[in-house]
There are 2 protein chains.
Amino acid sequence: MRLSELSRRSGMSTATIKFYLREGLLHPGRRITTTQADYDEEHLRRLQLIRALIQVGGISVADARAVLAAVDDASLDQVSRMGTAVAALPQALPAPAQDDAEAVTADLVAREVQERLGWRVVPENPAHQALVSAVSALLRLGYPCDGEALLPYGELAERLAGHELALIDKFAAPTTQLEAAVALTVLYEPVLLSLRRLAHAEQATRRLREDALPREDAPRASD
Amino acid sequence: MRLSELSRRSGMSTATIKFYLREGLLHPGRRITTTQADYDEEHLRRLQLIRALIQVGGISVADARAVLAAVDDASLDQVSRMGTAVAALPQALPAPAQDDAEAVTADLVAREVQERLGWRVVPENPAHQALVSAVSALLRLGYPCDGEALLPYGELAERLAGHELALIDKFAAPTTQLEAAVALTVLYEPVLLSLRRLAHAEQATRRLREDALPREDAPRASD
DNA sequence: CCTCATTGGATAGCGTCACTATCCATGCTT
DNA sequence: AAGCATGGATAGTGACGCTATCCAATGAGG
């Protein structure tokens with residue numbers, strides 16, 4: 001298909017697709033003539049992945065390029081590609097990480113929880129540093145946050161990870177698995193966060209109803 | 001304390017603090033003279049909260065202003081403030097949410113999981129829409145994602161929420177509780193996501209170690 | 001063959017955002 | 001009174017994710 005059709009089917013403007021081509025996120029189409037190229041379903045799918053990473057996952061174009069480059073890199077074995085791709089996925093935070101007292105404490109907390117879970121501690125992992133940043137912020141605001149408190153979160157994370165890796169395993173083709181790893185890592189984040197927010201809302205509402213059900217005449221569905 | 005001292009103790013430049021003052025995130029200091037103002041520990045703490053929301057939580061200045069305004073709004077009761085504040089917390093995504101087939105299916109999935117968990121469905125909730133967006137993206141990429149698959153996530157979210165609301169309850173003063181609700185909602189997100197990523201890395205590494213062994217047909221459930 | 005709209009590619013521009021640098025009058029400090 | 005820090009206002013900066021414009025080449029119609 002031509003660029004215009006790719007645009008129509010993907011719902012993105014040709015200008016945007018050209019931008020992704022230029023940025024190296026999307027492979028160039030098969031050149032038919034000097035001025036025309038042919039795109040296939042693969043390109044369409046890739047476009048949707050790019051869109052998901054950038055718009056839903058909130059990943060920058062540069063990071064998306066790194067991730068996709070790792071997925072594509074035929075010179076690496078699948079294991080390396082997977083590692084590179086997932087490592088290139090940024091956390092939410094730029095993590096300035098000033099070396100104050102909280103940051104040091106936070107690092108100890110982060111290590112403690114991982115050790116108690118039996119995980120290998122890899123301080124270079126961006127996720128580790130993101131964890132340290134978040135814990136630093138919590139501590140700086142005076143909220144208690146030690147290894148003990150994080151343990152349940154770690155255990156939940158462990159179950160999530162197990163569940164997701166099993167899901168990835170379902171995709172047989174290595175390339176598909178790589179894509180799945182990236183897509184599921186990124187796209188299940190908003191799923192998880194949304195559900196958590198919804199659960200907060202639900203439980204807060206429930207408590208309010210218990211605490212004070214004074215003059216609400218709206219019909220309640222349950223309870 | 002003066003602006004310069006506030007700057008020193010918070011680690012932010014006076015220009016940045018002035019910016020936050022201008023944007024209405026930080027209350028003006030108590031004016032001593034026309035050209036001088038006095039800031040206290042409350043301001044320092046607020047600055048740290050602002051910093052946490054914006055830098056760690058990735059919230060925009062405008063959204064942070066809305067959140068903090070709700071926290072401060074003395075004309076509302078605590079319940080309304082809490083609701084307003086948390087509702088103003090943005091999800092990770094801008095959620096373009098085109099009305100295609102996937103979006104419709106995704107909405108059904110989102111409703112199903114919430115209903116199966118016994119939650120009230122509030123489609124206007126930004127979190128609901130975020131969930132729909134994420135599920136849409138997953139479906140568009142061809143990954144199976146139905147109410148059944150999301151149920152375990154919802155159950156985990158429920159436990160997280162319970163845990164966190166209990167944590168918030170520990171903070172007696174209403175204002176402190178409001179702040180805690182906002183801070184914990186935002187700051188535990190990166191904690192959770194980081195731990196999930198770390199768990200991914202850990203389990204992936206573990207599997208590779210097993211796979212690397214010559215005997216392939218000795219799959220182990222877990223360690 | 002000639003015309004002309006379309007295509008793909010390159011370049012430069014736009015709008016947003018989170019600051020940041022500069023300027024200026026004031027008035028504290030010495 | 002001198003000098004400089006302070007607070008307030010305004011404009012500027014750099015990054016980012018597109019987006020608008022231009023251009024040569026070409027394929028289609030006559």
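Proteins get letters first, then strands, A, B, ... in listed order; numbering begins at 1 in each.
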Taking salt bridge (Lys or Arg N to Asp or Glu O under 4.0 Å) as the test, write out the residues that go with B:Arg51, two or more places apart.
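By the salt bridge (Lys or Arg N to Asp or Glu O under 4.0 Å) rule, B:Arg51 matches no residue at all.
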
Side-chain ion pair, B:Asp72 and B:Arg46, N-O less than 4.0 Å
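Judged by the 4.0 Å cut-off on N to carboxylate O distance, B:Asp72 and B:Arg46 do form a salt bridge.
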
Between D:dT6 and B:Ser4, is there an OP1 or OP2 to side-chain N/O distance shorter than 4.0 Å?
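It does, given that an N or O in the side chain of B:Ser4 lies less than 4.0 Å from OP1 or OP2 of D:dT6.
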
Give me each pair satisfying ring-ring contact (aromatic ring centres under 6.0 Å, His included) with a member in residues 43-67 of chain B, each pair once, sequence neighbours excluded.
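Checked against ring-ring contact (aromatic ring centres under 6.0 Å, His included) - neighbours excluded - the pairs reaching residues 43-67 of chain B are B:Tyr39-B:His43.
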
What is the distance from [atom1] of [X] to [atom2] of [N], rounded to the nearest Å?
X       : N      : atom1 : atom2 : answer
B:Tyr39 : D:dG8  : OH    : P     : 6 Å
B:Glu23 : C:dT20 : CD    : P     : 14 Å
B:Asp38 : D:dA5  : CG    : C1'   : 16 Å
B:Arg65 : C:dC17 : CZ    : P     : 10 Å
B:His43 : D:dG7  : NE2   : P     : 11 Å
B:Glu5  : D:dG7  : CD    : P     : 11 Å
A:Arg30 : C:dG8  : CZ    : P     : 13 Å

Partner residues of A:Tyr143 under the ring-ring contact (aromatic ring centres under 6.0 Å, His included) criterion, sequence neighbours left out:
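Partners of A:Tyr143 under the ring-ring contact (aromatic ring centres under 6.0 Å, His included) test: B:Phe171.
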
Test ring-ring contact (aromatic ring centres under 6.0 Å, His included) applied to B:His163 - qualifying residues, sequence neighbours left out
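If we apply the ring-ring contact (aromatic ring centres under 6.0 Å, His included) test to B:His163, skipping adjacent residues, the hits are A:Tyr153.
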
Pairs in or reaching into residues 57-69 of chain B: which pass side chain to side chain donor-acceptor pair (under 3.5 Å), with residues at least two apart or in two chains?
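Pairs touching residues 57-69 of chain B that pass the test: B:Glu23-B:Arg65, B:Ser60-B:Asp63.
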
Tell me, for nucleotides 14-30 of chain D in 5' to 3' order, what letter each nucleotide earns: B for a base near a protein heavy atom under 4.0 Å, S for only sugar-phosphate near one, - for neither?
---SBB-----BSS---

